[in-house]
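Below is one structure, written out as structure tokens; the observations come after it.
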Amino acid sequence: MNNPAQKQMRAPILDAPIASLPKVSRAILPALKRLGIETLRDLLFHFPARYEEFPAERPIARVAAGESVTIKGVIQRISGFRTPRKGMHITEAAIADASGMIQAVWFNQRFLEQNLKEGSIVRLSGKVVRGTRGLTLQNPSHEKVTSDLRQATGSSDTHTEGLVAIYPETYGITSRWLRFLIRTYIGATSDMPDPLPQETLARHGLPPLTSALRAIHTPDTRESALRAEKRFIFEEMLLLQMHSLRERARLKARRAREIPFDVPLVKEFVISLPFRLTDAQRRAIWEIGHDMAKDQPMNRLLEGDVGSGKTVVAAAAALLAVRAGGRVACMAPTEILARQHHATFTSILAPFHATIGLLTGAKKEYGALTDIVIGTHALLHREKDFADFNLVIVDEQHRFGVSQRAALTRNKELGIRNNDKSGHPIIHNSQFLLPHFLSMTATPIPRTLALAVYGDLDLSLLDEMPQNRKEIITRIVSPGKRREAYAFIRAEVSRGRQAFVICPRIETPNQEARIKNQEGQQKSLLAAEVKTVMDEYKKLTTEIFPDLRIAMLHGRMKAKEKDAIMQKFRSRDTDILVSTSVIEVGVDIPNATIMMIEGADRFGLAQLHQFRGRVGRGSDQSYCFLFPTEDGAVSRRLHAVANAKNGFELAEKDLAIRGPGDIFGTRQWGEAGLAIRGVRDPKLVRDVRQEAVELVKKSPDLSAYPALAERLARMEKTLHLE
Ligand code: ADP
Ligand code: MG
């Protein structure tokens, strides 16, 4: 199976652009891209989020109202019309089998009338209600029984019978369509080399690649789907482990400039702060100081919930690096955040005479004599060679896009000029020094997860909030209580406090247009977002708080404008800031005590938690008001946010609500998406670690496992985890 000749034959097919497949139209490409599907391989490795179990087929005569059923019959009649009042498109059909007849009705699925014709044989699955014309299937899933699909795949159960895969969807792409496409091409994997060595499969009782792929997309039983899933989880965790083992070995072989751990300096710094550091912060500074004192590059993740005080820890590290005669680069995901860090570093490092520069897309304020450069990803373009720096800090590292993360890693690797491109990374004698590397995140990763994902990465946890904090009071506000909430805000403002108002995220209803023109869509999305902010601003300034000082902030503004607005808010010249999600991360304005989120149910859990983290940063009692959209739907998610005290607790609840695999949104975690599911099983984590160590021990350059080496190289290409 691991025959290289075969691999070469196979690779071009699997790596074929998805656009080259006959069943894929141009129009659908942007939507596929959003799912991360660009090649046939991506498609076949786009796994179901879950499975739906359809009831077994039965005669129409034996169907009763209130049941979920599957029936098969001939379409007697099908037609559509538009409702006069709501403008909804309704499709009605009558279906008959030998035992009887039933109605079916669909809402806003006009295309069905093209698809299903009188005389078509269909299988329908859905809920039965009693309608005006008798028993009616409401919005059933459908499938033409004699379709090309059947002939192409030789499979009879597809969309409405037995276990059916439900995929993570996006605008314009349904699970139904994905199932169809995947079934058509799954044969292409028939002799794809299995990255997992035979011995590994045997040791852990895992199914081989091709049968696992079939089982995950078209399972016969839940058990076979689960076994397949476990195999892929194992594979992904194993790759991550091997990656970090090798990364670790590689870093061990590299050198960095030693930054002496100047304890008196740190003491002086700690004393100079306007607050007392938490024990967790002290511990983190201590760990970082010790790491940097070595002549090996530090690779440490500083993890702490929003508001736990990561910035000051980073500032301490920067101070040590500067005093040792080095330079520091610090990268933040947004311009607003870069400027804020610039201000924070400038003020807390003022007693130590460090020169601090700023580099964003809009601004370059630094020169050769700058000790610390703070910037956005613009840093990546300006600073081609990060080997110039003694210390590189990346804040909110999970927020950087895939390409930016890749660029960062590339830059970090620039020191390795004689890098061997074949993917064998162990280089012992490079004369180039690497910077020490500190990344920061508020992503609530439990330690076990971090270990499983990052392997031997060094981790400092800020598991303690500053003493002065009060728990943020979070309330879900029903429409009837809106006035009360406004009155409350007014009272807080009159006491000198400030408030944020976040406008709902925009979801455009016109899905087709979205797919047709992605760029245009982005623009109109932004325009729509700007409009909601303006509307909200207008409402607040004219109706609700005409006497208060209100400002607005959105993504269309120039950097300078945004900066001026944040500045005014910071200096308390504004009472209320109406904003889009641009202030989601990092923003730190301790005098703001109210976070009000409109359309709260449109945001993800992690995002809501981040918004809430914008308040409660000082010693005053803070509040977070969640306003659900008009229909008053209060989701379990909102309750979870209201009841969870911290990011960790929230991640746990999220797991319970959405099921594992989706805690942080797979996108953010890239390849770690599946591994996250596995991490809750400590035995699996142990097994995987052991297996990784075993394989690397047997064949350090993996030459004994070419398929695994290839898979690992491919993963490392896209991996950002550092
Ligand atoms: P995050 O971990 O979310 O990045 P920040 O570093 O922005 O948090 O810190 C949040 C706020 O807490 C800032 O205003 C900071 O000055 C303040 N702060 C940090 N550490 C302490 C502490 N030990 N005691 C009191 N306030 C602190
Ligand atoms: Mg921060």
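In this text the structure is predicted, and so the values were computed from the model without any measurement. Just so you know, ligand 1 is whichever comes first in the structure, and atom 1 is the first atom listed for that ligand. Computation of the quantities below employed the complete heavy-atom set of this structure, encompassing side-chain atoms and omitting hydrogens, waters and symmetry-equivalent molecules.
Of all the atoms in ligand 1, the ones that sit under 4.0 Å from a non-hydrogen atom of Asn468 are 25 (C). For ligand 1, the atoms sitting less than 4.0 Å from at least one non-hydrogen atom of Arg276 are 22 (C), 23 (N), 24 (N), numbered in the order shown with element in parentheses. Close approach of ligand 1 to Pro590 is summarised as follows: ligand atoms under 4.0 Å from at least one heavy atom of the residue are 14 (O).
Ligand 1 has a nitrogen or oxygen under 3.5 angstrom from a nitrogen or oxygen of Gln281. For ligand 1, one of its N or O atoms has an N or O atom of Lys310 under 3.5 Å away. Annotation: Val306 places no N or O atom under 3.5 Å from an N or O atom of ligand 1; distance criterion only. Not one N or O of Val312 is nearer than 3.5 Å to an N or O of ligand 1, by distance alone.
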**OP:** Take Arg257 and Asp295 through the salt bridge (Lys or Arg N to Asp or Glu O under 4.0 Å) test and state the conclusion after the steps.
**Re:** CA-CA 6 Å; Arg257 286 183 203 93; Asp295 65 353; over 6 Å; no
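Salt bridge Asp463/Arg283: present, at least one basic N to carboxylate O contact under 4.0 Å.
Taking atom 13 (C) of ligand 1 as the reference point, the nearest protein heavy-atom neighbour is Asp588 OD2, 3.0 Å. Ranking protein heavy atoms by distance to atom 24 (N) of ligand 1, first place goes to Pro466 CB, 3.3 Å. When hydrogens are left out, the protein atom nearest atom 22 (C) of ligand 1 is Phe275 CD1, 3.3 Å; that is the closest non-hydrogen contact. At the top of the distance list for atom 10 (C) of ligand 1, counting protein heavy atoms only, stands Arg617 NH1, 3.1 Å. Here the heavy atom of the protein found nearest to atom 4 (O) of ligand 1 is Thr311 OG1, 3.7 Å. Scanning all protein heavy atoms for the shortest distance to atom 8 (O) of ligand 1 gives Gly309 N, 3.3 Å.
Residue contacts with ligand 1: Arg469 is included, with a non-hydrogen atom under 4.0 Å away. Within the structure, the closest approach of Ala442 to ligand 1 does not fall below 4.0 Å when heavy atoms are considered. In this structure, Gly307 is part of the shell of residues with a heavy atom less than 4.0 angstrom from ligand 1.
A side-chain N or O of Thr474 and one of Arg612 form a donor-acceptor pair less than 3.5 Å apart.
Residues Leu337 and Glu396 form a side-chain contact, since some pair of their non-hydrogen atoms from C-beta on lies under 4.5 Å apart. Using a 4.5 Å cut-off on side-chain heavy atoms (C-beta onward), Glu258 and Lys294 make no contact. At a threshold of 4.5 Å between non-hydrogen side-chain atoms, the residues Ile473 and Gln621 count as touching. Taking the side chain as every heavy atom from C-beta outward, Met440 and Glu303 never approach each other to under 4.5 Å.
Looking at Leu462 against ligand 1, nothing comes within 4.0 Å, counting heavy atoms.
Here the side chain of Gln340 pairs a donor or acceptor atom with the backbone of Asp588 at under 3.5 angstrom.
Taking the six-membered ring for Trp and thresholds of 30 and 60 degrees, Phe627 and Phe625 have ring planes more than 60 degrees apart, a perpendicular arrangement.
Taken to the nearest 0.5 Å, the CZ atom of Phe611 stands 7.5 Å off from the OG atom of Ser579. Residue Ile594 holds its CD1 atom at 9.5 Å from CE of Met596, rounded to the nearest 0.5 Å.
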